[in-house]
Amino acid sequence: MTQDAAHNLTDEALVEAIVKTNDTLLFEVLYDRFAKMVYNKCYGFANSEDEAEDLTQDVFLRVFVKLGSFKGRSKFST
């Protein structure tokens, strides 16, 4: 699947494709969708922009590792 095709998938379908293929390029699409929202949330907790960026990276690293356990019973964005 190409990144262009991945942009048209729902979040849940994109997660399923990432889990099946372990494709980091597909994960980049997911990252692009949610990075700003996660960063803004992290910025509310952080003392600086740099810390918020680091926290955002940490969140997405954990998301990538745990994607296989996502059951799809709720929206991915939650």
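Residues Phe64 and Val19 share a hydrophobic cluster, clusters being chains of Ile/Leu/Val/Met/Phe/Trp/Tyr side chains in contact below 4.5 Å. Hydrophobic clustering (ILVMFWY, side-chain heavy atoms < 4.5 Å, transitive): Leu55 and Val63 are in distinct clusters. Tyr43 and Val38 are members of different hydrophobic clusters when ILVMFWY side chains are connected at heavy-atom separations under 4.5 Å. No single ILVMFWY cluster, assembled from side-chain heavy atoms under 4.5 Å apart, contains both Phe76 and Tyr39.
His7 contributes atom NE2, which lies 9.0 Å from atom CG of Leu14 (distance to the nearest 0.5 angstrom). Residue Thr56 holds its OG1 atom at 10.5 Å from NZ of Lys36, rounded to the nearest 0.5 Å. To the nearest 0.5 Å, the span separating CZ on Phe60 from CG on Leu67 amounts to 10.0 Å. How far CG of Leu25 is from CG of Leu30: 13.0 Å, rounded to the nearest 0.5 Å.
Shown here for Leu9 and Arg33, the closest heavy-atom pair between the two residues is O-NH2, 2.7 Å. Taking each heavy atom of Lys75 and Glu12 in turn, the nearest pair found is CA-OE2, 3.3 Å. Ala52 and Ala46 make their closest contact through N-CB, 3.7 Å (heavy atoms, listed as atom of the first residue, atom of the second, distance).
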Derivation of the side chain to side chain contact (heavy atoms under 4.5 Å, CB included) call for Leu61 and Gln57: CA-CA 6 Å; Leu61 177 61; Gln57 293 299 319; over 6 Å; no
Please test Phe70 against Glu16 for side chain to side chain contact (heavy atoms under 4.5 Å, CB included), starting from the C-alpha separation and ending with a verdict. CA-CA 9 Å; Phe70 178 68; Glu16 185 178 323; over 6 Å; no
